[in-house]
Amino acid sequence: MTEDSFFQWLFQRLPAAGKDVVIPPGDDCAAIRWHDDKLLLVAVDQVVGGRHYVDQGPDATPPALAGRKLLARNVSDVAAMGGTPLFCLLAGAFHQGCPEAWLKEFYGGIVDAARDFQLQMIGGDLASTSLDDVASLTILGEVPANEVITRGGALAGDALFATGTFGNSFASGHHLHFSPRCAEGRWLAQQGLAKAMMDVSDGLLLDLSRICSMSHCGACIDLTAVPRRSAATSIAQACSEGEDFELIFAVAPDKIAELQQRWPFANTPLTRLGTFDNSGLLRDQQGNTLAARGWDHLSPPPAGE
Ligand SMILES: Nc1ncnc2c1ncn2[C@@H]1O[C@H](COP(=O)(O)OP(=O)(O)O)[C@@H](O)[C@H]1O
Ligand SMILES: Cc1ncc(C[n+]2csc(CCOP(=O)(O)OP(=O)(O)O)c2C)c(N)n1
Ligand SMILES: [Mg+2]
């Protein structure tokens with residue numbers, strides 16, 4: 001079982017979304033008709049001790065950074081829809097005996113990040129657990145209805161672009177310090193330059209395969225064009241490790257030049273990685289089929305990895 005196969009099963013079991021649900025389950029956020037010409041974006045993501053941050057030992061993640069990561073990961077999902085984050089609610093369950101200082105630093109990291117990302121924490125829930133710590137954050141944001149960008153809008157012939165660099169996120173600490181691409185996502189939406197978009201959390205190829213399946217297309221990717229975090233980062237790491245929290249998006253052929261000329265984010269690399277096609281596959285420039293490798297909570301990596 002994979003996450004994708006499980007969610008396919010789940011989505012079939014769910015009743016059809018009501019008329020006010022403009023974007024149903026399966027995208028980075030759900031969208032609900034809200035007010036005027038705006039959609040309310042809603043998403044929830046968690047961090048689990050030992051899974052998303054190191055919770056024990058000398059390399060334990062500073063709790064403020066684990067908290068910051070929790071919020072930033074959710075903001076990244078709003079960015080991927082072209083939206084602006086507004087509010088969040090935080091539900092946490094922490095092991096009995098969790099030190100007061102740890103808890104205050106964890107929450108403090110979220111409060112500080114909420115200030116930086118300009119959103120308000122408006123509620124939550126606190127519980128104890130006998131197992132690993134889990135904190136789940138629900139984020140609410142907004143986007144003009146005519147600007148929202150889903151995973152489903154790519155067409156054969158569109159160019160595939162990415163922000164930033166890929167790979168070595170965990171080893172480099174990027175997964176704790178990244179800036180969600182909110183300004184970039186918002187700009188792409190406002191300018192009407194991205195037709196399909198998502199943020200890369202599970203790995204470039206696995207998440208690209210999700211844009212392709214939602215868009216009913218395939219893609220050809222130039223693996224040598226994938227910008228890597230450092231000289232030591234391999235192509236395989238850049239393609240499949242995940243937690244890059246960069247945006248990948250589809251751009252119509254007649255908008256490519258405009259995008260490249262007008263890209264206003266001098267500190268955010270913008271790279272063309274390839275082209276969407278009708279193959280239904282992921283392929284490299286030599287025509288080899290690429291496996292959509294990446295992080296999957298339901299299929300543990302083969303022994304030795
Ligand atoms: N219980 C659920 N009911 C409906 N949709 C769900 C449920 N759990 C997860 N999903 C949806 O499945 C998709 C995949 O989830 P996930 O991999 O966690 O998303 P993301 O990578 O964007 O954080 C998302 O669109 C998410 O909203
Ligand atoms: C202790 C620890 N081990 C491993 C990782 C690497 N890692 C954990 S989850 C994950 C993928 C993304 O997390 P997920 O919960 O799938 O996020 P989502 O796709 O829902 O946004 C990666 C690469 C990490 N950050 N910390
Ligand atoms: Mg995931």
Side-chain angles (χ1 to χ4, degrees), residues 1-18 21-32 41-63 65-66 68-81 83 132-139 141 149-152 166-178 180 185 197-211 213-214 229 236-248 292-301 305:
M1 180 174 56
T2 63
E3 289 182 38
D4 287 342
S5 69
F6 176 75
F7 285 128
Q8 222 176 356
W9 171 86
L10 175 66
F11 296 163
Q12 280 172 0
R13 292 291 301 261
L14 294 174
V21 180
V22 178
I23 298 174
D27 225 298
D28 293 290
C29 297
I32 300 167
L41 298 172
V42 191
V44 57
D45 247 328
Q46 51 195 321
V47 291
V48 179
R51 274 277 173 279
H52 297 94
Y53 61 90
V54 181
D55 58 349
Q56 283 172 24
D59 296 329
T61 304
L65 289 178
R68 180 192 190 278
K69 174 178 181 172
L70 174 59
L71 184 58
R73 222 155 119 61
N74 278 277
V75 169
S76 184
D77 280 326
V78 174
M81 308 296 293
D132 293 325
D133 295 340
V134 180
S136 165
L137 189 133
T138 300
I139 196 157
I149 308 174
T150 68
R151 296 178 181 180
F166 291 81
N168 277 133
S169 177
F170 183 69
S172 67
H174 176 77
H175 75 117
L176 300 172
H177 293 281
F178 68 96
M197 184 152 72
M198 77 178 287
D199 71 322
V200 176
S201 60
D202 293 333
L204 176 58
L205 291 181
L206 179 54
D207 285 333
L208 176 60
S209 77
R210 291 168 172 156
I211 289 203
S213 85
M214 295 291 279
R229 188 164 317 287
Q237 288 174 319
C239 285
S240 301
E241 266 188 359
E243 297 204 297
D244 306 294
F245 299 107
E246 297 295 350
L247 299 175
I248 53 174
R293 263 202 202 97
W295 182 280
D296 190 310
H297 286 288
L298 298 182
S299 54
E305 275 184 33

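One-based numbering, in listed order, for ligands and for the atoms of each. Numbers here simply count residues along the sequence, with the first being 1. Only a predicted model underlies this, so the values are computations on that prediction, with no experimental measurement involved.
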In terms of atom number and element, which parts of ligand 1 are under 4.0 angstrom from non-hydrogen atoms of [X]?
{"X": "E3", "answer": "17 (O)"}
{"X": "D77", "answer": "22 (O), 23 (O)"}
{"X": "D45", "answer": "23 (O)"}
{"X": "P25", "answer": "4 (C), 5 (N)"}

Heavy atoms only, cut-off 4.0 Å: how does M214 contact ligand 1, side chain, backbone, both, or neither?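 For M214, there is no contact with ligand 1 at all, from either part.
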How are the rings of F178 and H174 set relative to one another: parallel (under 30°), tilted (30 to 60°) or perpendicular (over 60°)?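 F178 and H174: tilted rings.
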Kindly state if atom 17 (O) of ligand 1 has a protein heavy atom within a strict 4.0 Å cut-off, that is, under 4.0 Å?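 Yes, because at least one protein heavy atom sits under 4.0 Å from atom 17 (O) of ligand 1.
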Does the protein come close to atom 3 (N) of ligand 1 - that is, does one of its heavy atoms sit below 4.0 Å from that atom?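 Yes; the ligand atom in question has protein heavy-atom contact below 4.0 Å.
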Report yes if some heavy atom in the side chain of V200 is under 4.5 Å from a heavy atom in the side chain of D207; otherwise report no.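 Heavy-atom side-chain distance check passes, below 4.5 Å.
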Charged N to carboxylate O below 4.0 Å: is that the case for R229 and D244?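 D244 and R229: salt-bridged.
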Using a strict threshold of under 4.0 Å (side-chain N to carboxylate O), is an ion pair present between D132 and R51?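 Salt bridge: no.
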Output the distance between atom [atom1] ([X]) and atom [atom2] ([Y]), rounded to the nearest 0.5 Å.
{"X": "L10", "Y": "E3", "atom1": "CG", "atom2": "CD", "answer": "12.5 Å"}
{"X": "D28", "Y": "D77", "atom1": "CG", "atom2": "CG", "answer": "5.0 Å"}
{"X": "Y53", "Y": "F170", "atom1": "OH", "atom2": "CZ", "answer": "12.5 Å"}

Judging by distance only, is a nitrogen or oxygen of W295 under 3.5 angstrom from one on ligand 2?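 No, W295 has no N/O under 3.5 Å of an N/O on ligand 2.
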Against heavy atoms of [X], which atoms of ligand 2 measure under 4.0 Å?
{"X": "E241", "value": "23 (C)"}
{"X": "F170", "value": "2 (C), 24 (C), 25 (N), 26 (N)"}
{"X": "K69", "value": "25 (N)"}
{"X": "H175", "value": "25 (N)"}
{"X": "G50", "value": "1 (C)"}

Could you walk me through whether C29 and V42 pass the side chain to side chain contact (heavy atoms under 4.5 Å, CB included) test, one step at a time? CA-CA 5 Å; C29 297; V42 191; 5.9 Å; no
Which residue and atom name correspond to the protein heavy atom nearest [atom], and how close is it?
{"atom": "atom 9 (C) of ligand 1", "value": "F7 CE2, 3.2 Å"}
{"atom": "atom 17 (O) of ligand 2", "value": "R73 NH1, 3.1 Å"}
{"atom": "atom 19 (O) of ligand 2", "value": "S201 OG, 2.7 Å"}
{"atom": "atom 20 (O) of ligand 2", "value": "D45 OD1, 3.2 Å"}
{"atom": "atom 2 (C) of ligand 2", "value": "R51 O, 3.1 Å"}
{"atom": "atom 14 (P) of ligand 2", "value": "H297 NE2, 3.3 Å"}
{"atom": "atom 16 (O) of ligand 2", "value": "D202 OD1, 2.9 Å"}
{"atom": "atom 7 (N) of ligand 2", "value": "E243 OE1, 3.4 Å"}
{"atom": "atom 11 (C) of ligand 1", "value": "F11 CZ, 3.8 Å"}

Distance-only side-chain donor-acceptor flag, H175 / K69, under 3.5 Å: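 Yes, because at least one side-chain N or O of H175 sits under 3.5 Å from a partner of the opposite role on K69.
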Give yes or no for whether the N/O distance cutoff of 3.5 Å, strictly under, is met between [X] and ligand 1.
{"X": "D27", "value": "yes"}
{"X": "R151", "value": "yes"}
{"X": "L14", "value": "no"}

What closest approach, in Å, do [X] and [Y] show between heavy atoms, and which atom pair accounts for it?
{"X": "N168", "Y": "E241", "answer": "N-OE1, 2.7 Å"}
{"X": "E243", "Y": "S169", "answer": "O-OG, 2.7 Å"}
{"X": "D55", "Y": "A60", "answer": "C-CB, 4.3 Å"}

Check whether any N, O or S atom of E3, backbone or side chain, sits closer than 2.8 Å to the Mg ion (ligand 3).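 No N, O or S atom of E3 is closer than 2.8 Å to the Mg ion (ligand 3), so no.
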Does Q46 reach ligand 2, in the sense of a heavy atom lying below 4.0 Å from it?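 No, Q46 has no heavy atom closer than 4.0 Å to ligand 2.
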May I ask whether L10 places a heavy atom under 4.0 Å from ligand 1?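 Under 4.0 Å: yes for L10.
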